Amino acid sequence: MKTARVQTVAFVGIEARAVDVQVQIGAGLPTFTVVGLPDKAVGESRERVRSAFAAIGLALPAQRITVNLAPADLPKEGSHYDLPIALGLLVAMGVVAPDLADSYVAVGELALDGRVAPVAGVLNAGMAAAAQDRGLICPFQCGPEAHWAGVQVLAPKSLLALINHLKGHQVLNPPEPPQAITDDILPDLSEIKGQESAKRALEIAAAGGHNLLMVGPPGAGKSMLAARLPGILPPLDPQEALEVSMIASVAGGLPDGAIRRKRPFRAPHHSASMAAMVGGGQKAKPGEVSLAHMGVLFLDELPEFSRQVLDSLRQPLETGETVVARANAHVTYPSRVQLIAAMNPCRCGYLGDPSQACSRVPKCGQEYQMKISGPLMDRIDLHIEVPPVGASDLSLPPPTEGTTEVAARVEAARAIQRERYEKLSEGKTIRTNAEADGHVLEAAATPDEDGRRLLTEAVDAMRLTARGYHRVLRVARTLADLAGADTIARTHIAEALSYRQMMHLR
Ligand SMILES: Nc1ncnc2c1ncn2[C@@H]1O[C@H](COP(=O)(O)OP(=O)(O)O)[C@@H](O)[C@H]1O
Ligand SMILES: [Mg+2]
Ligand SMILES: [Zn+2]
């Protein structure tokens with residue numbers, strides 16, 4: 001009995017691992033079995049394949065059909081196995097030539113009427129196909145996405161169209177290539193009037209990659225500020241853009257099949273579950289913190305997030321990765337984000353508001369701010385207050401400086417950091433001051449005489465912890481980099497000290 005073989009993939013994190021679909025048709029009562037750790041959706045594949053065959057007038061052989069997905073110990077999830085299983089059957093039935101089928105990796109879901117429906121992870125599958133020197137067979141709608149892998153792509157609308165192509169009856173058109181890497185238009189910083197110190201803090205956050213907490217009453221412009229951070233960050237380089245797109249692809253697919261150089265901006269609602277935030281759940285899909293990889297994770301109303309969700313962010317913020325636990329495996333997703341958090345100063349929102357008093361000073365603010373754990377606070381280098389914008393500021397003409405000017409300064413400061421940490425990083429990948437710690441940081445950030453004296457005084461007066469001390473050094477290093485200064489001066493230390501934790505926050 002001969003075994004027909006077709007290649008497909010299983011997703012482990014963003015990696016598409018090779019899976020061999022082996023199909024045997026043997027003597028015996030008519031059955032159709034799929035083995036090799038298939039989950040429920042893969043099991044249902046049988047029914048979809050059977051119907052899709054019937055829809056194009058092909059009957060499954062009335063014999064014993066066994067499909068094995070190998071290796072057996074790799075979990076198989078999702079609906080993209082339909083098409084490779086169908087193709088394996090076609091080879092086993094002698095409809096499609098074995099060598100031809102073997103020159104592709106196939107992914108796709110089959111509708112009952114034989115159409116090929118879109119699936120997640122096509123970009124990643126295409127990259128795996130490229131590594132194996134094979135072409136890719138994927139759903140028609142996923143053709144533009146597959147294009148980025150640089151392999152030969154067959155993107156049929158239906159199973160019949162695929163069969164006709166492989167038999168040479170009617171050749172499929174190559175899929176439309178997507179637009180070149182897209183640069184989206186982002187909201188501009190010049191739309192924000194006044195708020196000079198908040199904009200300064202945003203620039204520092206962008207320059208050094210620092211996490212930022214904004215405390216201020218509703219309507220102060222916190223969301224507006226956060227949304228303008230991706231615009232002042234340097235765009236993704238092509239390699240980074242590809243990695244970000246691979247995460248988006250396994251999460252469901254790329255919108256219009258485009259690869260974007262814009263940094264992701266994700267703003268999950270405070271009711272988000274842990275699975276939504278860090279990934280996991282039934283399919284171990286990436287969560288918001290991974291979808292924001294290399295970009296911005298904006299958490300508005302920070303204290304309203306559940307404690308469990310906030311705690312689950314500590315690992316990605318520390319390591320740049322999220323580990324999602326599965327029944328029998330762990331899946332790792334890249335999750336290097338810049339956290340921008342916003343909150344009201346107190347539960348009622350009026351603490352410090354000149355026009356209306358908070359009814360329960362100081363408890364209202366203390367209780368509210370205590371909801372954020374110390375370890376999370378420790379990962380946020382910059383804390384600022386955003387006061388309500390005054391009427392006189394709103395009537396000002398728009399500022400002359402906007403996103404373009406600020407982005408140029410951010411890029412210059414980042415170039416200085418890249419060069420520095422290439423020399424200092426001791427094998428670890430450090431790109432920004434925010435990622436420097438311990439003696440790497442101390443070697444990078446040495447204040448001059450005056451600066452050191454001020455820092456020592458502050459350590460005593462403000463009772464800075466070791467972490468607090470390092471936070472000041474990191475921010476001071478960024479301030480000096482923005483100024484193009486080699487050594488950290490007293491002014492840099494003084495400004496860095498002003499971004500320390502807020503009044504009620506421990
Ligand atoms: N500094 C500002 N310049 C111009 N418009 C502003 C400014 N601050 C707030 N606004 C206006 O107020 C609205 C509310 O701002 P928003 O960012 O949502 O505040 P917050 O997130 O702090 O509650 C914005 O959509 C914008 O129209
Ligand atoms: Mg808001
Ligand atoms: Zn209050």
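First listed ligand is number 1; within each ligand, the first listed atom is number 1. Owing to the predicted nature of the structure, the values given are computational and were not obtained by experimental measurement.
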Participant: Is it the case that the side chains of Tyr421 and Asn433 hold a donor-acceptor pair, with the cut-off being a distance below 3.5 Å and no angle test?
Facilitator: yes
Participant: As an exercise, identify every atom of ligand 1 less than 4.0 angstrom from a heavy atom of Lys193.
Facilitator: 1 (N), 2 (C), 3 (N), 4 (C)
Participant: Does some non-hydrogen atom of the protein lie less than 4.0 angstrom from atom 13 (C) of ligand 1?
Facilitator: no
Participant: Is the centre of the His210 ring less than 6.0 Å from the centre of the Tyr499 ring?
Facilitator: no
Participant: Taking 4.0 angstrom as the limit and counting only heavy atoms of Glu191, give me the atoms of ligand 1 inside it, by number and element.
Facilitator: 3 (N), 4 (C)
Participant: Flag atom 27 (O) of ligand 1 as yes if some protein heavy-atom distance to it falls below 4.0 Å, otherwise no.
Facilitator: no
Participant: Using distance alone, determine whether Asp300 and ligand 1 share an N or O pair under 3.5 Å.
Facilitator: no
Participant: Ignoring hydrogens and geometry, is there a side-chain-to-backbone donor-acceptor pair from Asp39 to Val42 under 3.5 Å?
Facilitator: yes
Participant: Among all protein heavy atoms in this structure, tell me which lies nearest to atom 19 (O) of ligand 1, with the distance rounded to 0.1 Å.
Facilitator: Gly221 N, 3.0 Å
Participant: Quick one: CD on Gln338 to CZ on Arg263, what's the gap to the nearest 0.5 Å?
Facilitator: 8.5 Å
Participant: How open is the angle at the Zn ion (ligand 3) from atom SG of Cys358 over to atom SG of Cys348, rounded to 10 degrees?
Facilitator: 110°
Participant: I'd like to know if the side chain of Tyr81 pairs up with that of Glu44 as donor and acceptor (distance under 3.5 Å, no hydrogens or angles considered).
Facilitator: no
Participant: Please state whether the separation between the Mg ion (ligand 2) and some N/O/S atom of Met224 is under 2.8 Å?
Facilitator: no
Participant: Of the side chain and backbone of Gln195, name the one, both, or neither that has a heavy atom under 4.0 Å from an atom of ligand 1.
Facilitator: side chain
Participant: Could you check whether any side-chain N or O of Asp82 sits under 3.5 Å from a backbone N or O of Leu110, counting only pairs where one atom can act as donor and the other as acceptor?
Facilitator: yes
Participant: For Ile192, is at least one N or O under 3.5 Å away from an N or O on ligand 1?
Facilitator: no
Participant: Is the closest heavy-atom distance from Met214 to ligand 1 below 4.0 Å?
Facilitator: no
Participant: Rounded at 0.5 Å granularity, tell me how far CG in Asp300 sits from NE2 in His269.
Facilitator: 8.5 Å
Participant: Does Pro218 have a non-hydrogen atom less than 4.0 Å from ligand 1?
Facilitator: yes
Participant: I'd like to know if Arg360 pairs up with Glu367 as an ion pair, taking the criterion as any Lys NZ or Arg NE/NH1/NH2 lying under 4.0 Å from an Asp or Glu carboxylate oxygen.
Facilitator: yes
Participant: Are more than 12 heavy atoms, taken from residues, nucleotides or ligands other than Asp486, located less than 6.0 Å from that residue's CG atom?
Facilitator: no
Participant: Which residue owns the protein heavy atom closest to atom 11 (C) of ligand 1, what's the atom, and how far is it?
Facilitator: Met224 SD, 4.4 Å
Participant: May I ask you to decide if Ala258's main-chain N or O and Asp256's side chain share a donor-acceptor pair within less than 3.5 Å?
Facilitator: no
Participant: Which residue and atom name correspond to the protein heavy atom nearest atom 18 (O) of ligand 1, and how close is it?
Facilitator: Ser223 CB, 3.9 Å
Participant: Backbone or side chain, does any N or O of Gly219 fall under 3.5 Å from an N or O of ligand 1?
Facilitator: yes
Participant: Report yes if some N/O of Gly194 lies less than 3.5 Å from some N/O of ligand 1; otherwise report no.
Facilitator: no
